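Written out below as C-alpha cells is the structure these notes cover.
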2 protein chains.
Amino acid sequence: MTRQGTDTRERIIAAAIETLREEGFAGTTAREIARRGGFNQALIFYHFGSVANLLLEVFGSTSDEQVARYREAAAKVASLSDLVAIARSLHDEDLRSGAVAAVTQLMAAASNPDEGRAILDRFEEWILLVQEALGKAMSGPLEAVVPTRQAAYAISAMFLGIELLTHLDSHRSEADAVFDMMAALAQLVEQLTPMLLPQ
Amino acid sequence: MTRQGTDTRERIIAAAIETLREEGFAGTTAREIARRGGFNQALIFYHFGSVANLLLEVFGSTSDEQVARYREAAAKVASLSDLVAIARSLHDEDLRSGAVAAVTQLMAAASNPDEGRAILDRFEEWILLVQEALGKAMSGPLEAVVPTRQAAYAISAMFLGIELLTHLDSHRSEADAVFDMMAALAQLVEQLTPMLLPQ
DNA sequence: GTCTATACTTGGATAGAC
DNA sequence: GTCTATCCAAGTATAGAC
C-alpha cells in the first residue's frame, strides 16, 4: 500500500482547496489543481468526472467540517451577543482561509439549475445551524415576534454578502465595524426584550 | 448618418445586458454578445478593449440608471417600513431583470484587486443611497444608537446575499418570507422607538 | 489506478482589408 | 468604424500505454 495509492481523492480535494484559496475561483482549473497537487490532470476526471463536480465535493467536504466545528459553539449560544461573536470569529477565520468567499464564487458561477440546487442543499446546513443558535439566543417574547427561519436566512445571506464585499478589497472592508454595530445592537435588544409583553 | 453608425457602443452595452440576463455571467462571452446584438465580435475589442472592461461599463451604466430611479423613492422614505417596501420592490424587479444577481456574479468573478476596487467604487453609490434612506427612516433616539453607515453596509450586503441565493433556485427562494419578517420587525421597532430614551 | 499524449472546443484578441 | 480571417492560449476531456 504505497503512500500515493492510499487516497488520491483526498490529495485532489486538498489541492483543489489550496488552489481555490490562493488563485480564486477563476484560477481553479484542472491544470492548476494538478500542478499544485503534483499529480496528473487526468486523475481529476477519472475520480470526479469533471472539475465542477470536484468543486461541489470540495464545498461539501469543507462545509461538513466547518459545520461540525461550529455546531459545538452554536449549541452554547445563550444570547444574541454570543451569536455576533461567533459570526465575527467565522469572518476572521475566513480572512485567512477564504472558505466562505470561495462559496460565494461557487454560487455566483453556478451555471445550471441542478448545480444551483446542489449548492443550496449544502448551504441549507448552515442556515439550520444559524437557526438553531438563534433559537437559543432569542428569549421568549422576542421569539414570538421574529420567525427564526427567516431571520436565520437573512443573517446567512448577510454573511455571504459581507464575505463577497470583503473579498473585493479586504483592506477596505467594513466588516469589523459592521460586527461592532451588530454587537451594540444585540446588547440593546437584550436590554429591551423584557419590555416586550407577550401578546 | 446610418442607423448603425449612430451609437454602436450603446448597442454593444444593450446586447451585453441582454446576454448577462439570459445566459448568466459564465455565458457572457464576446462571441455570444455579438451574436445577440447582431454585430461583429471584433467591435467589442475596438470599443471597449476587453470583455471585462465592457462588463464594468455595463455595471456602471445600469447602476447609474438604477440609482437615479431609486434615489427619488429613497428621498421619500419616512420609516423603516418604507425602506423594507423599497427593498422588496427592488427584489421583485431583479427577479425579472437579474441586474443585482449579475452584479454578484461580477463581484465573485473579479480576478484581480483593481477590478475588485472598481466594482466596489460603483457599489459605493448603492450603500450611500441606502444610508441616506436609513437616515430618514430612523428617528432621533434610534439613530443615536445605530450608526447609519454600518447599518447601510449590512443591509446592502444582505441584499446581495439574498439575490445570490435567489439566483441559485428562484423557485425555492425564501426572499418573500424574509421581507415579510423584515416588515414585521420594522413595525415593531417603530412601535418601540419612543421608549428609547436619549441617553 | 495512474501516467503520457493528444484531440477537441471555446473564447480572447489582433491584423489588415474595406 | 466595421468586417473577415485568423492566431493563440487555456481548458476540458479522452484514448491508450503502463
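Quick caveat: nothing in here was measured; it's all calculated off a predicted structure. Letters A, B, ... are given to chains in the order of the sequence lines, protein chains preceding strands, and every chain is numbered from 1.
Among residues at least two apart or in separate chains, there is no ring pair (Phe, Tyr, Trp, His ring centres under 6.0 Å) pair with a member in residues 48-79 of chain A. Residue pairs meeting the ring pair (Phe, Tyr, Trp, His ring centres under 6.0 Å) criterion with at least one member in residues 127-154 of chain B: none, sequence neighbours excluded. Sorted pairs that involve residues 43-52 of chain B and meet side-chain hydrogen bond (donor to acceptor under 3.5 Å, both in side chains), not counting sequence neighbours, are lacking altogether.
Rounded to whole Å, atom C1' of C:dG1 lies 8 Å from atom CG of A:Leu43. Distance B:Phe39 CZ to D:dC3 P: 10 Å, rounded to the nearest Å. One atom, CZ of A:Phe48, and another, C1' of D:dT14, lie 18 Å apart when rounded to the nearest Å. Whole-Å rounding puts the B:Arg35 CZ to C:dG11 C1' distance at 15 Å. When rounded to the nearest whole Å, the span between CZ of A:Arg9 and P of C:dG1 equals 10 Å. Taking atom NE2 on A:His47 and atom C1' on D:dT14, their separation rounds to 15 Å, with Å as the unit. Computed from coordinates, the B:Glu32 CD to C:dG12 C1' distance equals 15 Å when rounded to whole Å. A straight line from CG of A:Leu54 to C1' of D:dA13 spans 14 Å, rounded to a whole angstrom.
Between A:Thr8 and C:dT2, a side-chain N or O to OP1/OP2 separation shorter than 4.0 Å is present.
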Please list each protein N or O that sits under 3.5 Å from an N or O in nucleotides 13-17 of chain C, with the distance.
residue, atom, partner, partner atom, Å
C:dA13, N7, B:Gln41, NE2, 3.1
C:dA13, N6, B:Gln41, OE1, 3.1
C:dA13, N6, B:Gln41, NE2, 3.3

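Checked against side chain to side chain contact (heavy atoms under 4.5 Å, CB included), A:Ser156 has the following partners two or more places apart in sequence or in another chain: A:Phe123, A:Ile127, A:Val130. Residues satisfying the ring pair (Phe, Tyr, Trp, His ring centres under 6.0 Å) criterion with A:Phe179, sequence neighbours excluded, are A:His91.
Remark: B:Asp64 does not engage B:Arg69 in a salt bridge, criterion side-chain N to carboxylate O under 4.0 Å.
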